[in-house]
Amino acid sequence: MSNKKPSLDVAVIGAGFAGLYMLHKLRAMGFRTRVFEAADDVGGTWYWNRYPGARCDVESMQYSYSFSEDLQQEWTWTERFATQPEILRYINHVADRFGLRSDIQFKTRIDAARFDEGGSFWRLTTGGGESIDASYCIMATGCLSNARIPDLRGLADFRGAIFHTGSWPHEGVDFAGKRVGVIGTGSSGIQVIPEMAKQAKHLYVFQRTPNFTVPARNAPLTQSEVANWKGNYAEHRRFAREATRSGTIYDFAKTSALLASEEERAHEYSARWKKGGANFMHAFNDLLTDERANDTAAEFVRERIREIVKDPTLAEALSPRDYPIFTKRICVDTDYYETFNRPNVSLINLRKTPIETIVENGARTAESLIELDAIIFATGFDAITGALDAIDISGREGKQLREKWRSGPRSYLGLMSAGFPNLFTVTGPGSPSVLSNVIVSIEQHVDWIADCLEHLRSRNLAFIEPTVSAEDRWVEHVNEVANSTLYPRAASWYMGANIPGKARVFMPYIGVDKYRQICRDVVSAGYDGFILAPNASSLQPSMTNPLQIETNFD
Ligand code: NAP
C-alpha cells in the first residue's frame with residue numbers, strides 16, 4: 001500500500017446548492033477540499049434550466065440556505081415564487097460572499113471515480129484526462145440534472161432548432177413568428193407553455209399524459225411578509241425541519257377529506273386554489289393515503305379545468321384520469337389551462353395520435369403533418385440516479401455502482417452504498433431529496449457528512465462504509481413507507497418509470513421529520529449500520545457488526 005497522501009482530503013462533484021455549502025463547510029473545518037463542476041459557473045440546476053417561465057415552486061422565503069443568519073437577513077427575495085434568474089443571482093451572491101470560487105474548478109466534467117484499494121483513496125478522472133486523488137468523494141450531482149431527449153424516430157432529420165428545457169441556451173432564443181412544438185407537460189412544460197404561447201406564431205403542445213397543476217398566484221412579496229419571515233426565521237426553519245414531512249411549511253390540515261361534508265371540502269379546496277401554490281395538496285390529511293379522499297381533490301381540479309378551458313373536448317383531453325393526484329409531482333403554474341383558450345395554441349393528444357416520426361419540417365402523427373420551426377423537449381430527466389450513473393463509479397473489488405443499482409438503487413440512508421467506502425451522496429436515492437424542500441435536505445446531508453468526517457478525523461479513523469445488512473433494512477424501510485401511500489400508483493419519475501428499461505423502484509424516502517431523527521439516532525448509536533475503520537483492509541465485503549444496536553426505523 002502506498003503511504004502517499006492524496007492531494008485532496010475531499011473532492012466534491014457539482015457546484016449547485018449542495019456542492020457550494022459542502023465546500024463552505026469543509027473548508028472552514030480545515031479539510032483540503034475542491035469542487036469540480038462541468039458548467040462554467042455555479043448554480044447547478046438553476047444554471048441549466050433557463051427556459052422562459054422557469055421559476056421555483058417552493059416559496060422563495062423557504063427556498064434558501066439557513067446556515068448563515070447574516071445571509072438570510074441580508075438577502076431579499078422580491079416575489080413569492082422566485083424566477084430562475086433571481087435564484088441564480090442568489091447562488092452567485094453566496095459564492096462571492098463566502099469566497100467559494102477559488103476552490104471550484106469549472107468546465108471540468110468528472111467521467112470516472114475509482115476507489116483505489118491499494119492506496120485507499122478515490123481517483124477521479126476528468127473529461128480532459130486529468131487525474132485527481134482524494135480521500136473522500138462527495139457526489140453533489142443533483143437529482144434532476146441528467147436531461148433526457150427521447151429517442152424519437154427521425155429526430156436527426158429535423159432541420160429546425162431543437163431545445164431541452166433542462167439545458168437552455170444562455171443567450172436566449174427569439175421565437176417570434178415561429179411554429180413551435182413543446183413535447184412534455186410536466187413542471188417544465190407547464191411553465192414554458194404559457195410563455196411560448198405569447199412568443200410563438202403558433203404553439204403545438206404534444207401531450208402524452210395530462211398533468212394536475214394548481215395556480216401559483218405569484219405576486220411581489222410585501223415588506224411585512226418579508227419582515228415576518230426574517231423576524232422568525234429560526235422558528236420557521238426549525239418547524240420545517242422537525243415537524244413536517246416535506247421540509248416546507250404549508251397550512252397542514254389535521255382532518256380527513258372523508259369526514260368533511262361536500263360543502264366543507266369544496267370550501268377548503270376553493271380557498272386553497274384561490275391562495276395558490278402547492279398548499280392545495282395539504283387541504284386534508286389523507287389525500288396521499290386514501291384513494292377516495294384523493295379522488296375528491298382530483299375531481300375538484302378537473303372541475304376547474306372544465307371551468308377554465310372553453311372547449312369541453314379540449315378540457316377533457318387536459319384532465320388527468322389515470323393516476324391519483326399528487327403522486328406525480330404537483331405542478332404549479334401561471335395561466336396554464338387559460339393558455340389553451342388562445343387561438344394560436346393547439347393540443348396534440350399523443351394518446352390518440354402518437355408521433356409516428358419526426359421529419360425534416362415537423363412531426364408526423366397518425367393524423368397529420370404538423371409543420372414546426374422548433375421543437376422544445378420538456379421531457380424531463382433521468383432522475384435521482386441519472387447523474388450518478390453517468391459517472392463510471394467503481395468501488396471495492398472494482399464493482400461498478402451502476403451495475404449494483406441496475407435493479408434499483410441501494411443505499412443506506414441515501415448517504416452511502418455498501419462496497420463504496422468514503423463515497424457520499426448528497427440527497428441520494430433513499431433520502432427525502434425530491435420529496436422535500438431540497439435545500440432543507442441538502443443542508444442536513446452536508447451537516448451530517450461534515451460531522452461524520454470530523455468524527456473519523458478525531459478518532460484517527462479514515463474509512464467509513466455501510467454494512468450490507470443495514471443497507472438492506474433501509475431499502476426495505478423506504479419501500480414500506482412508500483407502499484403505505486398512493487405514490488407507487490403513478491408511473492412517475494420517482495419510480496424511474498420515465499426512462500425505458502430503468503428499474504421501477506420508488507427512490508425517495510417519504511418524511512423529512514422522521515428521516516432526520518433516524519439519521520441522528522444512527523449517529524447516537526455509534527454510527528449504527530456503518531463500519532468505521534483505520535485502514536481500508538479492515539473493510540470486509542459483507543461484514544455485519546453483530547455488536548451493534550440496530551436503529552429502529554419504525
Ligand atoms: P417530467 O415531470 O418528467 O415531465 C416530462 C414530460 O415529458 C411528461 O409530460 C412526459 O409524459 C413527457 N414525455 C417524456 N417522454 C416523452 C415522449 N417520448 N413522448 C411524449 N412525451 C414525453 O419533467 P419536468 O417537467 O422537467 O419536471 C421534472 C421535475 O423537475 C419536476 O417534477 C420538478 O420536481 C422539477 N421541476 C421543478 C420546477 C419548479 O420548481 N417549478 C420546474 C421544472 C421542473 P408522461 O407523463 O407520459 O411520461
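Note that ligands are numbered from 1 as they come in the structure, with each ligand's atoms numbered from 1 the same way.
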Using a strict 4.0 Å cut-off to heavy atoms of [X], name the atoms of ligand 1 that fall inside it.
X    : answer
G184 : 6 (C), 7 (O), 9 (O), 12 (C)
R55  : 39 (C), 40 (O), 41 (N)
C56  : 40 (O), 41 (N)
I183 : 20 (C), 21 (N)
F381 : 26 (O)
Y51  : 42 (C), 43 (C)
R329 : 32 (O), 33 (C), 34 (O)
K328 : 46 (O)

Do [X] and [Y] get their side chains close enough for a donor-acceptor pair, meaning under 3.5 Å?
X    : Y    : answer
T76  : K230 : yes
R237 : Q72  : yes
Q62  : H236 : no

Distance to 0.1 Å, residue and atom name: give those for the protein heavy atom nearest to [atom].
atom                    : answer
atom 28 (C) of ligand 1 : W493 NE1, 3.7 Å
atom 4 (O) of ligand 1  : G186 CA, 3.6 Å
atom 15 (N) of ligand 1 : R208 NH2, 3.5 Å
atom 40 (O) of ligand 1 : D57 N, 3.0 Å
atom 9 (O) of ligand 1  : T185 N, 2.9 Å

Fill in: Whether L144 lies under 4.0 Å from ligand 1, heavy atom
yes

Discussion item. Taking a cutoff of less than 4.0 Å between a non-hydrogen atom of the residue and any ligand atom, is Y494 in contact with ligand 1?
Written reply: no

Is ligand 1 under 4.0 Å from a heavy atom in the side chain of [X], in the backbone, in both, or in neither?
X    : result
A383 : neither
P150 : side chain
F206 : neither
L350 : side chain
R148 : side chain

Worksheet entry | Partner of T385 by side chain to side chain contact (heavy atoms under 4.5 Å, CB included), out of P409, S411, C143 |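 For T385, the side chain to side chain contact (heavy atoms under 4.5 Å, CB included) test succeeds with only one of P409, S411, C143, which is P409.
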
Worksheet entry | Partner of V446 by side chain to side chain contact (heavy atoms under 4.5 Å, CB included), out of F17, Y21, F67, F424 |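 Of the listed residues F17, Y21, F67, F424, the side chain to side chain contact (heavy atoms under 4.5 Å, CB included) partner of V446 is Y21.
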
Worksheet, complete the sentence: Exactly one candidate in E79, Q84, Q191 meets side chain to side chain donor-acceptor pair (under 3.5 Å) with R55; the answer is E79

Look only at the side chain of [X] and the backbone of [Y], and say whether a donor-acceptor pair between them is shorter than 3.5 Å.
X    : Y    : result
H164 : G380 : yes
R302 : S319 : no
R504 : G496 : no

For [atom], which candidate among [options] provides the closest heavy atom?
atom                    : options                : answer
atom 31 (C) of ligand 1 : S187, A82, C331        : S187
atom 26 (O) of ligand 1 : S188, P354, G189       : S188
atom 45 (P) of ligand 1 : L152, T209, T165       : T209
atom 6 (C) of ligand 1  : A378, G380, P320, S492 : A378

Practice prompt. Go through D513 and R241 one step at a time and tell me if the salt bridge (Lys or Arg N to Asp or Glu O under 4.0 Å) criterion holds.
Written response: CA-CA 6 Å; D513 44 359; R241 290 181 195 123; over 6 Å; no

Please find the pair of heavy atoms, one from [X] and one from [Y], that lie closest to each other, and give the distance.
X    : Y    : value
A39  : W48  : CB-CZ2, 3.7 Å
I375 : I358 : CD1-CD1, 4.1 Å
G189 : P194 : O-CD, 4.5 Å

Item to complete: Answer yes or no on whether K328 is positioned over the face of Y323, meaning its NZ or CZ is under 6.0 Å from the six-membered ring centre and within 45° of the axis.
Response: yes

Worksheet item: Taking both backbone and side-chain atoms of R351, is any N or O found less than 3.5 Å from an N or O belonging to ligand 1?
Response: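 No, since none of the N or O atoms of R351 sits under 3.5 Å from an N or O of ligand 1.
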
